[in-house]
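Right, one structure below, let's go through it.
Hydrogens, waters and symmetry mates are skipped; everything else that's a heavy atom, side chains included, is used. Counting convention: from 1, in listed order, for ligands and their atoms alike.
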Amino acid sequence: MTEKPIESIFSLSALDPEARQDPHPRLQALRSATRAYRDDAAKVWMLTRFEDVRATVNDRSMLRHPSHAEEGSISRRLADDMDPDAPRQESILFMDEPDHSRVRLPLAKAFYNRISRMSDTLEDIVDAVIDAAPRQGTFDLMADIAIPVPILVIARILGVENDRVSDFRAWSEAVILSLNPLRTEAETALMEWGGAQLDTYFTDLIAARRDHPEDDLISDMVALQGRGDAQLSDAELRVNLQALLIGGNLTTTDLIGNGVWLLLTHPDQLAALKRDPDLARPAVEEILRYDSPVAVTSRILPEDRVHAGCPMKHRQSVWVSLHAANRDRAKYEAPDTFDIRREQVGHVAFGGGSHICIGAPLARIEARRVFARLFQHYPEMQLVDQDLNWRTLPFFRGLETLMVRV
Ligand code: HEM
């Protein structure tokens with residue numbers, strides 16, 4: 001064993017002021033020092049090397065539900081905190097087989113059909129958000145573009161009525177507070193209010209679409225249920241529609257925010273994108289690799305075994321650093337260089353295996369459109385002098401605000 005390169009896994013997260021600014025120096029030190037780092041207080045393993053991270057997320061024998069994790073592990077605490085009746089338990093994020101496939105497969109099929117049929121409409125929504133932002137002066141790119149894009153897109157996919165979109169946006173922004181363990185009491189109250197409103201709204205919408213189908217994902221899912229092609233309850237449907245909301249909003253917001261910040265701080269890359277908006281496609285992959293919105297994901301060992309070269313025990317939790325893997329020198333040439341024309345060799349920003357991000361195709365549609373349009377619409381966009389405020393949400397990476405001048 002080598003000397004402990006870090007104090008705890010939290011010193012790699014946005015809770016730590018230094019890691020919040022830039023987690024990579026510590027991640028790189030950890031990756032070089034050891035293949036599998038054990039945090040005895042948090043009771044989790046942390047892997048940082050690309051091949052180990054990829055093998056872990058792709059390993060379908062691993063478990064996901066926090067109740068499988070050993071006593072005292074921070075992964076387990078999620079389950080201990082769960083109200084046994086809370087709907088979150090039925091989200092695909094934490095489901096194991098056979099329930100995970102039962103719920104995810106029909107949902108994914110309906111979701112992918114819908115986004116491919118609606119891709120022009122979704123791009124029009126992105127364009128409308130960009131067109132509605134201020135034409136001149138200074139504005140907050142997060143508030144005016146990065147936050148509304150994913151919320152308005154998912155609202156359209158799900159079938160939220162036009163006159164409820166602003167309510168839906170307020171509820172969605174409230175439930176996203178559930179990701180923040182440091183939220184204040186007032187924020188917790190707001191989050192609970194948003195969750196209750198969304199529950200009622202989805203319950204009513206599911207019933208309404210069962211009676212009168214429309215051209216939206218909820219109608220698609222209700223039709224699959226009706227034909228017996230989707231074996232899931234209304235409660236599971238409701239929770240997983242919310243999982244699309246919660247999983248997709250902040251992450252896509254951060255992909256847009258992090259990408260704009262990266263491009264504005266790398267003028268040569270920005271100039272290349274302005275000359276050739278088709279570079280938006282590889283640029284999105286490079287932003288995901290270089291500064292991805294989600295820092296970690298995790299799995300739980302189903303038995304004692306040697307994993308990542310280390311003897312590990314049944315029920316131990318294995319966290320994988322997507323950030324560290326995406327900058328691994330063994331995988332990428334010059335990994336700390338942001339290069340939108342990099343020959344694409346893949347990344348793990350969306351995880352992998354059976355739990356791979358279900359929203360990846362949608363996030364890509366939205367972000368590609370933003371990066372193809374934004375700097376054509378605002379060729380003079382530049383950063384305003386500001387202290388950057390990276391969010392304190394542990395294991396996510398995104399900006400609170402990003403002030404730009406156009
Ligand atoms: C840039 C944007 C996004 C990033 C970086 C991201 C990242 C991730 C990651 C790392 C996971 C865990 C995968 C694993 O453990 O292997 C995940 C899962 C998930 N994501 Fe995303 N995501 C993004 C956008 C979205 C969108 C747009 C949606 C929905 C509309 C979404 C919904 C979900 C859901 C429901 C899961 C759980 C899937 C499962 O466990 O089966 N995400 N995402």
Reported CZ-to-CD1 distance for the pair Arg64 and Ile300, which is rounded to 0.5 angstrom: 8.0 Å
Nearest-contact summary for atom 40 (O) of ligand 1 - protein heavy atom, Å: His355 ND1, 2.6 Å
Parallel, tilted or perpendicular, as decided by the 30° and 60° cut-offs, for the rings of Tyr378 and Phe139: tilted
Check ion pair Lys313-Glu70 (N to O, under 4.0 angstrom): no
Atom of Lys331, atom of Arg54 and distance for their closest heavy-atom approach: NZ-NH1, 4.2 Å
Identity of the nearest option to atom 34 (C) of ligand 1, non-hydrogen atoms only, from Leu241, Ile358, Asn258: Ile358
Polar proximity ligand 1 side, Gly247 side, N/O cut 3.5 Å exclusive: yes
From Leu362 atom CG to Ile115 atom CD1, the distance as rounded to the nearest 0.5 Å: 5.0 Å
Ligand 1 N/O within reach of Thr252 N/O, cut-off under 3.5 Å: no
Asn240, portion touching ligand 1 at heavy-atom distance under 4.0 Å: neither
Member of Phe395, Trp45, Tyr37 meeting the ring pair (Phe, Tyr, Trp, His ring centres under 6.0 Å) criterion with Trp319: Phe395
Nearest protein heavy atom with distance in Å, relative to atom 24 (C) of ligand 1: Thr251 OG1, 3.3 Å
contact_flag Met95 ligand 1 heavy-atom lt 4.0 Å: no
N-O pairing of Arg164 and Asp167 below 4.0 Å: yes
contact_flag Glu366 ligand 1 heavy-atom lt 4.0 Å: no
Residue-ligand contact Phe111/ligand 1, heavy atom below 4.0 Å: yes
Asp199/Arg238 ion pair, N-O < 4.0 Å: yes
Geometric cation-pi criterion Arg327 and Tyr290, 6.0 Å radius, 45° cone: yes
Whether Ala349 lies under 4.0 Å from ligand 1, heavy atom: yes
Protein contact to atom 12 (C) of ligand 1 [nearest heavy atom, distance to 0.1 Å]: Thr297 OG1, 3.8 Å
Charged tip of Arg391 within 45° of Phe396 ring normal and under 6.0 Å: no
Atom 30 (C) of ligand 1 [closest protein heavy-atom partner, distance rounded to 0.1 Å]: Leu244 O, 3.4 Å
Salt-bridge criterion met for Asp215 and Arg114 (N-O under 4.0 Å): yes
Electrostatic pair Arg305-Glu303, nearest N-O below 4.0 angstrom: yes
Leu93 contact mode with ligand 1 (heavy-atom cut-off under 4.0 Å): both
Nearest non-hydrogen protein atom, atom 1 (C) of ligand 1: Leu255 CD2, 3.6 Å
Sub-4.0 Å atoms of ligand 1 with respect to non-hydrogen atoms of Arg104: 38 (C), 39 (C), 41 (O)
Donor-acceptor side-chain pairing of His307 and Asp59 below 3.5 angstrom: no
Geometric class of the Phe350/His347 ring pair [parallel <30°, tilted 30-60°, perpendicular >60°]: tilted
Contact with ligand 1 for Ser292, non-hydrogen, under 4.0 angstrom: no
Polar proximity ligand 1 side, Ile92 side, N/O cut 3.5 Å exclusive: yes
Ligand-side contact atoms (ligand 1) for residue partner Gly351, heavy atom cut-off under 4.0 Å: 10 (C), 13 (C), 14 (C), 16 (O)
Atoms of ligand 1, numbered as shown, that sit under 4.0 Å from any heavy atom of Leu322: 10 (C)
Pair Gln225-Arg210, side-chain donor/acceptor within less than 3.5 Å: yes
Taking atom 16 (O) of ligand 1 as the reference point, the nearest protein heavy atom with its distance: Arg299 NH2, 2.8 Å
Proximity winner for atom 9 (C) of ligand 1, if only heavy atoms of Phe94, Phe396, Phe350, Phe395 are counted: Phe350
Element-labelled atoms of ligand 1 that are located less than 4.0 Å from some non-hydrogen atom of His100: 39 (C), 40 (O), 41 (O)
Polar proximity ligand 1 side, Gly352 side, N/O cut 3.5 Å exclusive: yes
Nearest option to atom 27 (C) of ligand 1, as decided by whichever heavy atom of Ala243, Gly248, Cys357 sits closest: Gly248
Subset of ligand 1 atoms that lie under 4.0 Å from at least one heavy atom of Ala363: 1 (C), 2 (C)
